[in-house]
Every structure is written in C-alpha cells, then in structure tokens.
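First the proteins, then the strands, lettered A, B, ... as listed; each starts at 1. Since the structure is predicted, the reported quantities are computational estimates derived from the model, not experimental observations.
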Number of protein chains: 2
Amino acid sequence: MKDERFCNSNCPFTRAIGTIGNKWKPIIINVIGTRTIRFGQLDAIIPHITRKVLTEQLKELEEDGLLERMAYKELPPRVEYKLSEKGLAFLPILEAIKVWNLKYEVVTMP
Amino acid sequence: MKDERFCNSNCPFTRAIGTIGNKWKPIIINVIGTRTIRFGQLDAIIPHITRKVLTEQLKELEEDGLLERMAYKELPPRVEYKLSEKGLAFLPILEAIKVWNLKYEVVTMP
DNA sequence: TATACTGGTTACTATTCGGTAACTACAAAT
DNA sequence: ATTTGTAGTTACCGAATAGTAACCAGTATA
C-alpha cells in the first residue's frame, strides 16, 4: 500500500493494516503457506491475478519482510518464493479468518 | 469491496477477504470494539477518514452483517453503531494482528 | 434573524489500483 | 532458422477508490 498515512502511522495496528490490508496479499500468503513456490506456479494457482499485479504484491511483501525471494542465475530463469518467519507467523491468523468466516458467513442460495 | 471475483468466489476464504480485506474496515471494527458509538464519534476518532468514506464502509459492514445500525428519530438525529456477534467474533483476530505486528515489525528510525 | 447541531448526501475531481497486450533476455530443442 | 520456456517489465488505458466542498432537514439557542 502506498498510503503514507497508514504506512507511517504512529499506531502500530494501523501500520500492520498498511502491510497486509488489501485484497491480494492475504490470498498470496495463504497460497504460499509452508512451501517454496515458483512465480509461474503462483500465477497459475491464484485465480484472476495478473503477472503484473503478482509481481508488485510479491515485491511489497518482500520489502515488508514477509517473503523471501531466491533468484537462480539460470536460463530460463528460476525464482522461488517462500514465507519468512514473519510470514509464517501470519498463517495462523489466516486460519482464524477461515474459521470465523465458516461460522458466520450467511450464504444466500440463488 | 465491489470486486465480484472476490465476493462471489467459490472459495470461502476469498469471500472473507472480500468482506474485510481493505484498509478501512479493520480500523473501523477495531475502533468500535465492544462499545456502542455514534457516527460523529467515529468520524472524530478515526484519523484521516472522511464522512463519505466512513458512511460507505459502515454501510458495507452492515450489509455483511458485522455491524448493527440504530437510528433514533430525534432532532438533531442520533445514530448508533455497534458490532454484531459476527463483528465481535472478529475482534480476537485483530488482536492477533496487533500481537503479530508487535513481534515482527522492523522499525526504522529516521 | 442567524447560527449550531447531527448524520448524512451529492457532484465533482484526484489518485490509486488493476488489467491488457506487447516485449525482453538467453539458451535449448526442433 | 524458428519455436519454447521463465520471470518478469513497460506503456497505455479503464475502473475503482478516495478526497473536497457544498448542501439538506428541523429544532433549539443566541
């Protein structure tokens, strides 16, 4: 997120929302989980995301220390991503969101 | 969020992100907490938010069943908001985010 | 008479975000 | 000689989001 009022807030909670409070980042973190995964796999697994947006989000996640990026000097190139300790520590929160949604979501049948 | 790919996803986790995965909603839910609070108070307490955006977000939170809105037929008008059971059940997740951030955030001194 | 009060709404504009399609590098295989 | 493969980048455009400022109702107060 570029919003400086969030990223530079003096409230730590607001800053936290600044790093993970958008639609793609929780999805990406959840898909990576505990594995090491390549860019192309992420692009294939995550529905509807474009390579451009995926690149941007991965870059921000890396800057915020949730993600580790390992580029191998090969051809064709190979780049692997995995969650850092900080990223892994966020997984239980995503699990809690799943449980919360399962319990309270109102499903309307069309 | 208007993105139908999130709100109508067949993945419940993706739908959950569709309802709370933006920057203002976690902030608003956190500020309300367990109390009953008026529109003007929210506007005054939450930094940088505008009345327009606050109105929109409150409306969406109500539609998604996280929030209850009570309007009193008085003059000047009085409208009170409080979290529903679903909204209250989300508070521990926000607490977990605070703890997570506190533990892992890298603070850079300027 | 004019102003304040509350909880909005409206019209307009600015900014940010997201999407599409084309393009890159370099080696290996066909 | 051309195609395939990976992990992007770039330019451009449109959509979504957010911000600004003015305005509303109807009573009470100055």
Calculate, to the nearest 0.5 Å, the distance between atoms CD1 and CG belonging to B:I97 and B:N30 respectively.
9.5 Å

Counting only non-hydrogen atoms, which of residues 66-81 of chain B are less than 4.0 Å from DNA chain C?
B:R69, B:P76, B:P77, B:R78, B:V79, B:Y81

Within residues 88-98 of chain B or reaching into it, pairs that qualify as salt bridge (charged side-chain N to carboxylate O under 4.0 Å, His left out) - sequence neighbours excluded
B:E95-B:K98

How many angstroms lie between atom CE of B:M1 and atom CD1 of B:I20, to the nearest 0.5 angstrom?
8.5 Å

Near DNA chain C, which residues from residues 26-34 of chain A have a heavy atom under 4.0 Å away?
none

A:T14 to A:S9 - nearest heavy-atom pair and separation
CB-OG, 3.5 Å

Reckon A:K59 has a side-chain N or O less than 4.0 Å from the OP1 or OP2 of D:dA7?
no

Using the 3.5 Å cut-off, write out each protein N or O paired with an N or O of nucleotides 15-20 of chain C and the distance between them.
unit_1, atom_1, unit_2, atom_2, d
C:dG18, N7, A:K52, NZ, 3.4
C:dG19, OP1, B:R5, NH1, 2.5
C:dG19, OP1, B:R5, NH2, 2.8
C:dG19, N7, A:K52, NZ, 3.1
C:dG19, O6, A:K52, NZ, 2.4

Enter the distance from B:L102:CG to A:F13:CZ here, rounded to the nearest 0.5 Å.
13.0 Å

Without decimals, in angstroms, what is the distance between A:L58 CG and D:dG8 P?
8 Å

May I have the distance from A:F6 (atom CZ) to D:dT17 (atom C1'), rounded to whole angstrom?
12 Å

Scan residues 16-28 of chain A for pairs that pass side chain to side chain donor-acceptor pair (under 3.5 Å), counting only residues two or more places apart or in two chains.
A:N22-A:Q57, A:K23-B:D3, A:K25-A:E60

Using the side chain to side chain contact (heavy atoms under 4.5 Å, CB included) definition, which of the options A:L66, A:I49, A:I37 pairs with A:I28?
A:I49

Of all pairs that satisfy ring pair (Phe, Tyr, Trp, His ring centres under 6.0 Å), the ones with a partner from residues 32-84 of chain B, not counting sequence neighbours:
none

Determine whether a donor-acceptor pair (N or O, by modelled atom type, separation under 3.5 Å) exists between the side chain of A:W100 and the backbone of B:K86.
yes

Start with the C-alpha distance between B:F6 and A:I27, add both sets of side-chain angles, then the distance that settles side-chain contact (heavy atoms from CB on, under 4.5 Å), and finish with yes or no.
CA-CA 10 Å; B:F6 276 70; A:I27 303 287; 3.9 Å; yes

For B:F39 and C:dT9, what is the distance between atoms CZ and P respectively, to the nearest whole Å?
8 Å

Any side-chain N or O of A:R38 under 4.0 Å from OP1/OP2 of D:dA7?
yes

Under a 4.0 Å threshold between the charged nitrogen and the carboxylate oxygen, would B:K82 count as salt-bridged to B:E80?
no

Rounded to the nearest Å, what distance is computed from the CD1 atom of residue A:I46 to the P atom of nucleotide D:dA7?
14 Å

